[in-house]
There are 2 protein chains.
Amino acid sequence: MSALSTAVPDPYAADCPTRSVLDRIGDRWTVLVLLLLSRRSHRFTEVSRAIAGISPKVLTQTLRALERDGLVTREVFAEVPPRVEYALTDLGHTLVEAVAALAAWSREHFDEVLDARAAYDAR
Amino acid sequence: MSALSTAVPDPYAADCPTRSVLDRIGDRWTVLVLLLLSRRSHRFTEVSRAIAGISPKVLTQTLRALERDGLVTREVFAEVPPRVEYALTDLGHTLVEAVAALAAWSREHFDEVLDARAAYDAR
DNA sequence: CAGAATCCTCTGGGATACTG
DNA sequence: CAGTATCCCAGAGGATTCTG
């Protein structure tokens with residue numbers, strides 16, 4: 001697989017890029033939020049409603065982590081009632097594109113995975 | 001982001017392809033194993049040694065899950081001592097390529113993420 | 001509205017010992 | 001060698017309540 005120029009990364013190295021990215025998008029909600037924000041900016045409650053089932057605590061955690069990594073911006077408007085807009089940064093958009101490659105693989109090969117599972121479980 | 005033709009997937013749908021793939025590669029070891037096997041087939045102990053820190057139990061779990069999904073083959077040789085070879089399937093290779101896109105993003109933008117974190121933490 | 005605070009559950013994963 | 005069998009723990013994430 002010549003596409004991979006790197007050796008096997010060290011999962012213990014906190015500075016391992018691959019590890020870091022996987023930790024970020026590997027959780028339950030981050031990718032959903034990224035995909036949602038790739039359309040347009042949303043406010044907190046909008047995200048909450050669009051991604052049914054996420055609790056406010058976890059949504060805050062997710063958004064904060066994305067903001068900290070420079071993938072999402074958080075803009076507070078001094079209005080009544082308060083309004084906070086979340087939007088993807090340019091960097092965030094590039095990540096979404098990379099994630100899209102994975103999503104594309106999923107759509108393309110998902111049936112094969114399902115078949116494999118069925119065959120495996122049938123034994 | 002026109003690269004994404006799908007709306008936001010439903011994280012609760014067990015049959016959501018994106019969810020399924022993320023669950024698979026989101027764990028601690030799967031990507032490491034995939035990258036390792038993308039080179040050549042390995043036997044159990046070889047993987048164990050190459051990926052330092054993984055316990056036999058977790059390695060077995062990881063390999064079983066990959067086998068079940070049709071990403072890895074498990075070939076037992078009736079020898080003494082026993083020998084078991086694990087190798088990527090064609091499907092597994094295609095997934096590794098998709099993962100490589102993510103790894104590429106990581107290498108390309110990791111410094112920006114680190115800068116963003118430093119800036120965020122400095123506030 | 002946009003969270004912060006609190007409590008609780010669940011499970012991925014680690015350590016260790018044992019076996020065909 | 002290639003696992004299986006147990007026991008254990010931390011931390012991600014869920015449910016709920018409260019507030020500037």
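Proteins get letters first, then strands, A, B, ... in listed order; numbering begins at 1 in each.
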| task | Quick one: which residue pairs count as a salt bridge (charged side-chain N to carboxylate O under 4.0 Å, His left out) with a foot in residues 59-68 of chain B, not counting sequence neighbours? | result | A:D121-B:R68, A:R123-B:E67
| query | Between atom CZ in B:R28 and atom C1' in D:dG11, what is the gap in whole Å? | reply | 12 Å
| field | Contacts of B:V21 that satisfy side-chain contact (heavy atoms from CB on, under 4.5 Å) - sequence neighbours left out | value | A:L102, A:W105, A:S106
| task | Going by the side chain to side chain contact (heavy atoms under 4.5 Å, CB included) test, name the single residue among A:I51, A:V33, A:L37 that passes it with A:H42. | result | A:L37
| query | Does CG belonging to A:D90 count more than 12 external heavy atoms closer than 6.0 Å? | reply | no
| task | Only counting residues at least two apart or in another chain, list the ones meeting salt bridge (Lys or Arg N to Asp or Glu O under 4.0 Å) with A:D23. | result | A:R19
| remark: Here the distance between atom C1' of D:dA2 and atom CZ of B:R49, to the nearest Å, is 12 Å
| field | Length of the line joining A:F44:CZ and D:dT19:P, which is rounded to integer Å | value | 18 Å
| task | Can you tell me which residue pairs pass the side chain to side chain donor-acceptor pair (under 3.5 Å) test with a partner in residues 72-84 of chain A, sequence neighbours excluded? | result | A:R74-A:Y86, A:E79-A:R83, A:R83-A:E85
| What is the bend of the helix from C:dC1-D:dG20 to C:dG20-D:dC1 when you compare the axis at one end with the axis at the other, using five pairs each and rounding to 10°? | 50°
| request: Could you list all the side chain to side chain donor-acceptor pair (under 3.5 Å) pairs where at least one residue sits in residues 47-62 of chain A, not counting sequence neighbours? | output: none
| task | Pull out every residue in residues 75-86 of chain B that has a heavy atom closer than 4.0 Å to any atom of DNA chain D, ordered by number, or say none. | result | B:P81, B:P82, B:R83, B:V84, B:Y86
| Quick one: do B:Y120 and A:V76 end up in the same hydrophobic cluster if we chain Ile, Leu, Val, Met, Phe, Trp and Tyr together by side-chain heavy atoms under 4.5 Å apart? | no
| message | For residues 27-37 of chain B, which residue pairs pass the side chain to side chain donor-acceptor pair (under 3.5 Å) check, not counting sequence neighbours? | response | B:D27-B:T30
| field | salt bridge (Lys or Arg N to Asp or Glu O under 4.0 Å) partners of B:E46, counting only residues at least two apart | value | B:R40
| task | For DNA chain D, determine which residues of residues 58-74 of chain A have any heavy atom closer than 4.0 angstrom to one of its atoms, and list them numerically. | result | A:V58
| field | Boundaries of the chain B footprint along DNA chain C (any atom under 4.0 Å from a heavy atom) | value | C:dG13 to C:dG20
| Along DNA chain D (nearest heavy atom to each residue), the more 5'-positioned of B:R43 and B:K57 | B:R43
| Which heavy atom of B:P82 sits nearest a heavy atom of B:R43, and at what distance? | O-NH2, 3.4 Å
| message | Going by the rule side-chain contact (heavy atoms from CB on, under 4.5 Å), which residues pair with B:E112 if we only count those two or more places apart in sequence or in a different chain? | response | A:L91, B:H109
| field | Non-hydrogen atoms of B:A101 and A:A98 that approach each other most closely | value | O-CB, 4.4 Å
